[in-house]
Amino acid sequence: NDVMDVYAAVSGDAGATFSAPRRVNHLPGDARSNAEQPPRVAMSESAITVIWPSRPEGASAIRMSRSTDGGRTFSPAVTIHKASFTGARGWQSVTAGRDGAVHAAWLDGRDAEPMPAGELSSGRAAGGHAGHGSGGAHRGAPRQDVYQAVILPDGRITEAQVSRDVCFCCKTAVAVGPSG
């Protein structure tokens, strides 16, 4: 999980050519990503939205930036949940609705009990699943819950818990139905 930047290049001709890459995160080194938890992109008629895992000032976070000019510039990144939460955050997903709202989901450890020092690095948490679903799905791993947020075009964010006590490494997915 090296600290890195997120870049976007946009094509207006079905992928034949692309714009010069533009840095999405305004704070250099703001992204903390890997092959399992890459930045995610959602596109609508009005915006390109990118979310990514980060560790600003050492706290795990899901960050977001938007471009409303076709990828030429991106807004300063925001954290899509309360920035002071402790615990791990990741496995994020995102989609855009027809109304311009962005919907994100992620695994969140804000309600996890603190792990004893060295327990995660010892491998005890890795692969210690008792099964998927709720109720002990993560034996030996820190507790994770699924949270979702709706980010309106004006920047207002509402957040809610979707599920409790899920597997520590299950990927999330989010979609918007025809009725929004």
Side-chain angles (χ1 to χ4, degrees), residues 1-8 22-42 47-67 74-96 101-129 134 137-152 154-174:
N1 284 353
D2 293 331
V3 175
M4 60 192 70
D5 294 315
V6 177
Y7 284 84
R22 305 275 199 272
R23 192 172 75 198
V24 174
N25 52 296
H26 73 287
L27 299 173
D30 186 37
R32 189 153 247 194
S33 190
N34 61 44
E36 291 287 328
Q37 297 182 62
R40 303 291 185 182
V41 179
I48 299 169
T49 303
V50 182
I51 67 171
W52 64 90
S54 180
R55 293 190 63 79
E57 300 176 24
S60 182
I62 303 297
R63 306 270 286 156
M64 179 195 83
S65 181
R66 283 183 167 163
S67 174
F74 284 85
S75 65
V78 297
T79 300
I80 63 173
H81 50 80
K82 189 174 177 182
S84 63
F85 287 135
T86 61
R89 239 155 246 96
W91 306 101
Q92 71 285 350
S93 57
V94 66
T95 193
V102 173
H103 303 264
W106 65 94
L107 294 188
D108 195 298
R110 69 183 69 170
D111 294 322
E113 300 267 334
M115 294 287 288
E119 197 163 299
L120 278 175
S121 62
S122 72
R124 179 170 170 228
H129 302 308
S134 61
H138 59 278
R139 186 180 319 161
R143 174 183 166 176
Q144 294 283 284
D145 300 321
V146 178
Y147 275 81
Q148 65 88 27
V150 178
I151 303 100
L152 298 176
D154 66 7
R156 286 182 294 149
I157 300 173
T158 58
E159 177 189 8
Q161 186 181 66
V162 175
S163 184
R164 295 174 42 85
D165 201 25
V166 299
C167 179
F168 183 74
C169 63
C170 288
K171 294 172 177 69
T172 65
V174 62

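W91 pairs by the side-chain hydrogen bond (donor to acceptor under 3.5 Å, both in side chains) definition with nothing, not counting sequence neighbours. Annotation: salt bridge (Lys or Arg N to Asp or Glu O under 4.0 Å) contacts of R40 (sequence neighbours excluded): none. Residues meeting the salt bridge (Lys or Arg N to Asp or Glu O under 4.0 Å) test with R66, sequence neighbours left out: none.
In terms of heavy atoms, T172 sits closest to S93 at OG1-OG, 2.9 Å.
Of the possible polar contacts, one joining the S54 side chain to the D30 backbone as a donor-acceptor pair under 3.5 Å is found. Between the side chain of S60 and the backbone N or O of R89 there is at least one donor-acceptor pair closer than 3.5 Å. Q92 places a side-chain N or O within donor-acceptor distance of the main-chain N or O of P38, the cut-off being under 3.5 Å.
Going from atom CG of D111 over to atom OG1 of T86 covers 8.5 Å, rounded to the nearest 0.5 Å. To the nearest 0.5 angstrom, D108 atom CG is 12.0 Å from Q148 atom CD. Atom CD1 of I48 and atom OG of S65 lie 10.5 Å apart (nearest 0.5 Å). Atom-to-atom distance recorded for I151:CD1 and E159:CD is 9.5 Å, nearest 0.5 angstrom. Separation of atoms NE2 (H26) and CG (D5) is listed at 11.5 Å; rounding is to 0.5 Å. Distance OH/Y7 to CZ/R23: 5.5 Å, rounded to 0.5 Å.
The aromatic rings of W106 and H81 sit tilted relative to each other, their planes meeting at an angle between 30° and 60°.
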